[in-house]
Amino acid sequence: MMRRTMGSMMALMALMALMPSAAIAGPPTSCARAGVSLADYADDAGACAAATQSVAVTMRPETTRALDALSSAELVMILRQYGGDSEFSPLMAAANIGMHHDAANVARRTANFGGKYEAMTRSDVRAQLQAALDQCLVERGYVRIALTDAQVRGLAKLKRGTAERTAYLHAIDSDPAVIAAQRLVEE
């Protein structure tokens, strides 16, 4: 049984390597407009954020396919794990799962798949909302810039939604020299 479980684990790890990943994204970016006042910068950000509330979001087909494959692979692993030492029997394995409904096993199975499901769908939703926000800002004259490591570290020290964070980003995003040096070429 251990050999079958290890084989299933290896298959699951191979499947995970093929899944879409948010980590493939490029460097951290921001939207910038040379010379924009702090008040206009904050107003534009607020208006564009509010505009994203009406955006309909869905899971990408790739994510749906990957989650389907993941749930199938995990089900096979669970069935094999609880199938016993004899020849694999899906019906016997399903019956054995019922004997392992203790809180720890249910929590482990739920967290394993549920956590992956949440992370993958969250990534899809974030990407779609970010694209809508970016488009709104582009329509208001903003361009995308890549943030430097130092800028990212400075930003990480500031809590989201605070005046300090807005002022920090404004100082970067309104500086014509920064925009000229860090502007991303849109494809």
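Formation of a donor-acceptor pair under 3.5 Å by the Thr162 side chain with backbone atoms of Leu158 is not found in this model.
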query: Can you check side chain to side chain contact (heavy atoms under 4.5 Å, CB included) on Arg165 and Arg160, steps first, answer last?
result: CA-CA 7 Å; Arg165 184 179 172 103; Arg160 288 185 182 269; 3.8 Å; yes

- prompt: Can Thr52 and Gln128 be said to form a side chain to side chain contact (heavy atoms under 4.5 Å, CB included), step by step?
  reply: CA-CA 9 Å; Thr52 65; Gln128 291 170 58; over 6 Å; no

field: Candidate pair Leu169 and Ser30, rule side chain to side chain contact (heavy atoms under 4.5 Å, CB included), full reasoning
entry: CA-CA 8 Å; Leu169 278 170; Ser30 189; 3.9 Å; yes

Arg33 vs Val143, side chain to side chain contact (heavy atoms under 4.5 Å, CB included): CA-CA, chis, key distance, verdict: CA-CA 6 Å; Arg33 191 173 94 195; Val143 296; over 6 Å; no

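Rounding to the nearest 0.5 angstrom, the gap separating the CG atom in Asp175 from the CD atom in Gln182 is 9.0 Å. Rounded to the nearest 0.5 Å, atoms CD1 (Ile179) and OG (Ser174) are 7.0 Å apart. Considering NE2 of His170 and CG of Asp40, their distance stands at 8.5 Å, rounded to 0.5 Å.
Shown here are the salt bridge (Lys or Arg N to Asp or Glu O under 4.0 Å) partners of Asp124, two or more places apart in sequence or in another chain: Arg60. Legend: residues meeting salt bridge (Lys or Arg N to Asp or Glu O under 4.0 Å) with Arg140, ordered by chain and number and at least two apart, are Asp44.
Connection of Val125 to Val55 is established within a shared hydrophobic cluster, with ILVMFWY side chains joined at heavy-atom distances below 4.5 Å, either directly or through further cluster members.
Classification of the Tyr142-Tyr41 ring pair by plane angle, with boundaries at 30° and 60°, yields tilted.
Within the 4.5 Å cutoff, no side-chain heavy atoms of Asp173 are placed close to those of Val36.
Between Cys31 and the options Leu133, Ile145, Leu137, a side-chain contact (heavy atoms from CB on, under 4.5 Å) holds for only Leu137.
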